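Shown next, in structure tokens, is the structure this report addresses.
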Amino acid sequence: MSHQGIVLGAIADDFTGATDLANNLVRGGMRCLQVIGVPQEAVDLHDVDAVVVALKSRSCPVQDAVTDSLAALEWLRDQGALQLFFKYCSTFDSTDEGNIGPVADALLERLQADQTVMAPAFPINGRTVYQGHLFVGDRLLNDSGMQHHPLNPMQDADLVRVLSRQTLHSVGLANRAVLAKGAEAARAHLSTLAEQGVRHVICDSLDEQDLDVLAEATAKMALVTGGSGLGQALPAQYRALGWLESVAEPGRLASAAGGALVLSGSCSRATLAQVADFLAKHPGGGFALDPLALAEGEHQKDQALAFARQRLADSVPVLLYASADPEKVKSAQASLGVERAGCLVEAALSQLAVTLVNEGVGRLLVAGGETSGAVVSALGVTTLRIGEQIDPGVPWTQAPLAGREAPLSLALKSGNFGGVDFFTRAFEVLA
Ligand SMILES: Nc1ncnc2c1ncn2[C@@H]1O[C@H](COP(=O)(O)OP(=O)(O)OP(=O)(O)O)[C@@H](O)[C@H]1O
Ligand SMILES: O=C(O)[C@@H](O)C(=O)CO
């Protein structure tokens, strides 16, 4: 007989990363709920197999990340989780201070477990690991653009070395040669490393088959860590263990209704191409926000609102965006400071979201991790039911909102995820 509580409890270090993992759990066959922060009230989990707690712990001070992650762990254990998953970015976003190492150490200690695996790979989106080195497409991590990341520049692709700077514990490697021998050999390798006191094991994975082997070898570990690729492989193992029943349509959502709005605060390369593609397909369908104008008062926001209302009245999708090329972003940041420029944009997009959702927007797409965090918080979203995938890493979700009869259909897109036509196709795939 299957386990009655939730099977998997996940702790994600940012909002869009949480949705990415949740999406792959649904694809693996689990009914999944994402909660924003550690719930303060009871959550109905009667038809849920996996819960992902979305934190903002990727770039915050180490102690805050540890405290929040432990609170999430306790809550998930109270819900009956049989296995815990610590989700971080497939590009291993972190610094020498943390937060991946210290959070993993604290979770292991609380669980009284000796070892965990670290598997950031997400092959379908080009993130693979070989001999412990992380690749983005055909480039090593430190040559992929991530070496210039403003918060966590990744200047070393050797994850054993990277993680060793974040923990006092011993870090080891399960390489491709081990995985190629199958799950039994991988388990034996992990045991040998555990006997040698190796607490964290960086795992190679070049493709889904490697992740399947890894999932089989680790499904009974108290804690696994990594990207969403491993998340897609685990549900089959839970079914094999008898923990999970097969469910038809684990990503089934209620019908979507209401106006279609895209809010983009992401300046990542993929998003810029998606904005351009939307504007080409919907001439006159977008309104550009500029932090310098936003700094001067309410005028530009009011203009954006009037523009959106007009389009929505005509039942056509509308795009409000601050996304801009690096030159423009740099110039706004030079005038306003990085933080103020970001805050102005996030505040404007959040206020526009609240007003327009109140007025009848029912299908909302948000681009950018920070932007999504700001918008979701402003809307008062506390839970997201995970639906079908739009593109790898990004599903449609539904959020109940106070004062609204029908749930809001919401898609949160990581900056670099999604095909070029994402802003148009997302609405086409929504029933
Ligand atoms: N024109 C602009 N000038 C300056 N800052 C901007 C501008 N447009 C957006 N921003 C800010 O840039 C930041 C973009 O971060 P966000 O996390 O939303 O996107 P991303 O980095 O592409 O996504 P992800 O974190 O998922 O990779 C936000 O703080 C946003 O407010
Ligand atoms: O793992 C990934 O790449 C994403 O889910 C993410 O965390 C991007 O911020």
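When a ligand or atom number is given, it counts from 1 through the structure's own listing order. Numbering of residues begins at 1 and proceeds along the displayed sequence. From a predicted model like this one, the values you see are computed outputs, not experimental measurements.
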**Prompt:** Against heavy atoms of Ala322, which atoms of ligand 1 measure under 4.0 Å?
**Reply:** 1 (N), 2 (C), 7 (C), 8 (N)
**Prompt:** Does Gln166 reach the main-chain N or O of Thr95 with its side chain, forming a donor-acceptor pair under 3.5 Å?
**Reply:** yes
**Fill in**
Nearest non-hydrogen contact to atom 28 (C) of ligand 1 from the set Arg340, His149, Arg269, Glu346 belongs to Glu346
**Asked** What protein heavy atom sits nearest atom 9 (C) of ligand 1, and how far off is it?
**Response** Gly265 O, 3.1 Å
**Asked** Just which atoms of ligand 1 are under 4.0 Å from any heavy atom in Ala324?
**Response** 1 (N)
**Request:** Drop me the distance from Ser409's OG to Arg363's CZ, to the nearest 0.5 angstrom.
**Result:** 8.0 Å
**Complete:** The salt bridge (charged side-chain N to carboxylate O under 4.0 Å, His left out) partner of Asp47 among Arg252, Arg31, Arg385 is Arg385
**Fill in**
Restricting to heavy atoms, the pick from Leu412, Val345, Asp290 nearest atom 6 (C) of ligand 1 would be Val345
**Prompt:** Which atoms of ligand 1 sit under 4.0 Å from any heavy atom of Ser266?
**Reply:** 19 (O), 20 (P), 22 (O)
**Item:** Note: Lys301-Glu298 ion pair, threshold 4.0 Å (strictly below)
**Value:** yes
**Prompt:** Any idea which protein heavy atom is nearest atom 17 (O) of ligand 1, and the distance to it?
**Reply:** Glu370 N, 2.7 Å
**Asked** Salt bridge check: are Asp96 and Arg165 linked by an N-O gap of less than 4.0 Å?
**Response** yes
**Message:** Please list, in number order, the atoms of ligand 1 under 4.0 Å from a heavy atom of Cys267.
**Reply:** 7 (C), 8 (N), 9 (C), 22 (O)
**Fill in**
Restricting to heavy atoms, the pick from Gly373, Gly368, Ser331, Ser335 nearest atom 19 (O) of ligand 1 would be Gly368
**Message:** Is there a polar contact, in the sense of an N or O pair closer than 3.5 Å, between Gly342 and ligand 1?
**Reply:** yes
**Side-chain ion pair, Lys328 and Asp290, N-O less than 4.0 Å** = no
**Item:** Heavy-atom nearest neighbour in the protein, as seen from atom 3 (N) of ligand 1, with distance rounded to 0.1 Å
**Value:** Pro291 CG, 3.4 Å
**Complete:** Taking only non-hydrogen atoms of Ser414 and a 4.0 Å limit, the atoms of ligand 1 in range are 26 (O)
**Request:** Could you tell me which atoms of ligand 1, counted from 1 in the order shown, lie closer than 4.0 angstrom to a heavy atom of Gly369?
**Result:** 16 (P), 17 (O), 18 (O), 19 (O), 23 (O), 24 (P), 25 (O), 26 (O)
**Asked** So is Gly415 polar-close to ligand 1, meaning N/O to N/O under 3.5 Å?
**Response** yes
**Message:** So if I only count non-hydrogen atoms and take anything under 4.0 Å from ligand 2, which residues does that give, chain by chain?
**Reply:** Asp14, Gly17, Asp20, Arg58, Lys87, Tyr88, Cys89, Ser90, Ser414, Phe417
**Prompt:** Is the closest basic N to carboxylate O distance between Lys56 and Asp14 below 4.0 Å?
**Reply:** no
**Message:** Give me the nearest non-hydrogen protein atom to atom 18 (O) of ligand 1 as residue plus atom name, then the distance to 0.1 Å.
**Reply:** Thr371 OG1, 2.6 Å
**Prompt:** Looking just at side-chain N and O atoms, do His133 and Asp204 make a donor-acceptor pair shorter than 3.5 Å?
**Reply:** no
**Request:** Tell me yes or no: between the side chains of Thr167 and Asp105, is some donor less than 3.5 Å from an acceptor?
**Result:** yes
**Asked** OH of Tyr130: more than 12 outside heavy atoms within 6.0 angstrom?
**Response** no
**Ser268 neighbourhood, listing ligand 1 atoms whose heavy-atom distance to it stays under 4.0 Å** = 20 (P), 22 (O)
**Asked** N/O to N/O below 3.5 Å, does that happen between Lys413 and ligand 1?
**Response** no
